[in-house]
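Written out below as structure tokens is the structure these notes cover.
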Amino acid sequence: MPQPRRRRPAGQRRPASGGGGGARPRRRSGGSDLGARILVAIPALVVALAMVALGGAVFQVGLGILGLVCLHELFSMFERARPARLAGAIGLAGLLTAAALGDRGTVLLVFMACIPFVFLVTVNQARGGGAPAISVTLMGLAWIGLALAHAVLLRDLPHGGALVFAVLLGTFAGDTGAYLGGRAFGRRPLALSISPNKTVEGLAIGIVVCTAAVWWAGLSQEWFGGTKGAILGVSIALAAPLGDLFESYLKRDAGTKDTGTLFGAHGGALDRLDAILFTAVTGYYVWLALT
């Protein structure tokens with residue numbers, strides 16, 4: 001006797017095959033979503049380019065503000081752990097100052113000093129927190145603080161402004177390529193348990209676009225060159241989706257869709273900077289290896 005066809009429960013949808021690392025949203029909202037992304041990206045890009053071009057204190061203060069917002073979003077996601085917010089803010093300021101006035105060794109020294117400092121603040125805060133508080137606070141300083149400190153170190157290298165621009169160009173070009181490529185060709189999920197909307201096809205297209213963008217940037221500078229540009233581009237292209245997946249994993253664990261509302265419907269600062277927090281560090285060390 002034939003069995004009746006099982007019906008999908010109301011409200012349950014088939015997993016999407018796209019995402020930011022290769023998104024393929026429904027046709028009905030695709031155009032408006034892309035338009036909203038552009039409207040958000042333009043002013044953010046202008047501010048970012050101004051910070052990079054001016055460098056110095058403007059760049060450091062701008063990163064400090066973004067860093068505080070990112071820490072706030074992270075600590076709010078894991079508020080149940082009772083992170084030491086004061087220690088996070090002071091630690092971030094210390095790491096950025098160390099990068100501006102010192103070198104990699106100075107940044108490492110300050111980060112190591114943050115460990116006992118976070119412990120002392122956690123022990124003495126009224127709401128306590130224990131190991132979860134220390135862990136989340138130090139994760140914020142390692143993930144956000146060290147990454148932004150490396151962005152300062154990168155900016156202070158010879159031709160640092162152009163290098164930061166190349167990293168940003170590759171990161172955003174790769175993300176855009178992955179998003180559009182995933183919408184058009186995305187079929188196979190990349191990391192279904194972490195971010196169901198990302199696809200293998202979107203990832204591949206993003207890697208190609210990112211590498212090509214940084215290679216092109218290298219060709220326009222004699223000191224840079226196409227070979228170094230291609231190597232740096234591939235490195236950024238591989239690091240960016242890892243940063244995206246890392247943040248997605250944390251959001252899934254926290255049970256939240258967006259980290260904040262700084263960029264309206266497109267989420268918070270961490271939602272926009274997740275890839276950069278990985279590519280800034282990657283770009284710095286890869287460039288040192290190339291030179």
Side-chain angles (χ1 to χ4, degrees), residues 18-23 25 32-52 58-78 88 92 96 139-140 143-152 154-155 164-180 182-183 194-195 197-198 202-203 206 209-210 213 236-237 239-252 254 256-283:
S32 59
D33 182 61
L34 181 58
R37 280 173 173 259
I38 294 173
L39 288 176
V40 169
I42 290 176
L45 182 61
V46 171
V47 173
L49 291 178
M51 287 170 51
V52 173
V58 173
F59 187 66
Q60 295 152 21
V61 170
L63 289 184
I65 294 173
L66 285 174
L68 288 174
V69 175
C70 288
L71 283 177
H72 170 72
E73 292 177 353
L74 175 65
F75 293 164
S76 295
M77 279 198 300
F78 295 99
L92 173 67
L96 292 176
M139 180 179 70
W143 177 31
I144 299 166
L146 285 178
L148 297 181
H150 279 79
V152 173
L154 182 65
R155 179 63 181 82
V164 173
F165 172 77
V167 170
L168 293 176
L169 174 65
T171 303
F172 290 124
D175 179 68
T176 303
Y179 173 75
L180 296 177
R183 285 182 61 193
I194 299 176
S195 186
N197 292 332
K198 292 177 175 57
L203 173 67
V209 172
C210 174
I236 294 170
L242 284 177
D244 196 343
L245 288 173
F246 181 82
E247 191 232 11
S248 295
Y249 183 77
L250 294 180
K251 289 194 296 184
R252 182 168 289 271
T256 184
K257 179 179 182 294
D258 296 317
T259 60
T261 58
L262 182 64
F263 293 97
H266 293 275
L270 277 175
D271 293 315
R272 299 299 99 196
L273 299 178
D274 52 4
I276 295 174
L277 294 177
F278 274 48
T279 58
V281 179
T282 301

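Sequential numbering from 1 along the given sequence is applied to the chain's residues. FYI, side chains are in, hydrogens and waters are out, and symmetry mates aren't considered; it's all heavy atoms of this structure.
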Measuring from atom OG1 of T171 to atom CZ of F278, what distance do you get when rounded to the nearest 0.5 angstrom?
12.0 Å
Going through the checks in order, is the side-chain contact (heavy atoms from CB on, under 4.5 Å) test met by Y249 and L245?
CA-CA 6 Å; Y249 183 77; L245 288 173; over 6 Å; no
Between the CG atom in L250 and the OG1 atom in T259, the distance rounded to the nearest 0.5 Å is 10.5 Å
Stepwise, does the side-chain contact (heavy atoms from CB on, under 4.5 Å) test hold for V152 with R155?
CA-CA 5 Å; V152 173; R155 179 63 181 82; 5.7 Å; no
Indicate yes or no: at least one non-hydrogen side-chain atom of P241 is less than 4.5 angstrom from one of K198.
no
Looking at CG of L148 and CD1 of I65, how far apart are the two atoms once the value is rounded to the nearest 0.5 Å?
12.0 Å
Which atom of A213 lies closest to which atom of L169, heavy atoms considered:
O-CD2, 3.7 Å
Looking at L270, is its backbone amide N or carbonyl O close enough to the side chain of E73 to form a donor-acceptor pair, meaning the two atoms are under 3.5 Å apart?
yes
Flag, side chain of H72 to backbone of L68, donor-acceptor distance under 3.5 Å:
no
Student check: side-chain heavy atoms of M51 and L63 closer than 4.5 Å:
yes
Parallel, tilted or perpendicular: which one describes the rings of W143 and F246, with boundaries at 30° and 60°?
perpendicular
Heavy-atom closest pair (A166 atom, I236 atom, distance to 0.1 Å) is O-CD1, 4.4 Å
In this structure, CZ of R252 is separated from NZ of K257 (nearest 0.5 Å) by 12.0 Å
Tightest non-hydrogen contact, residues L92 and G145, listed as CD1-CA, 3.8 Å
All heavy atoms of A149 vs all of L96, minimum pair found to be N-CD2, 3.9 Å
Please report the interatomic distance SG(C70) to CZ(R272), rounded to the nearest 0.5 Å.
11.5 Å
Check A147 against A280 and note the closest heavy-atom contact, atom names and distance.
O-CB, 4.1 Å
Measuring from D274:CG to K251:NZ, what's the distance to the nearest 0.5 Å?
7.0 Å
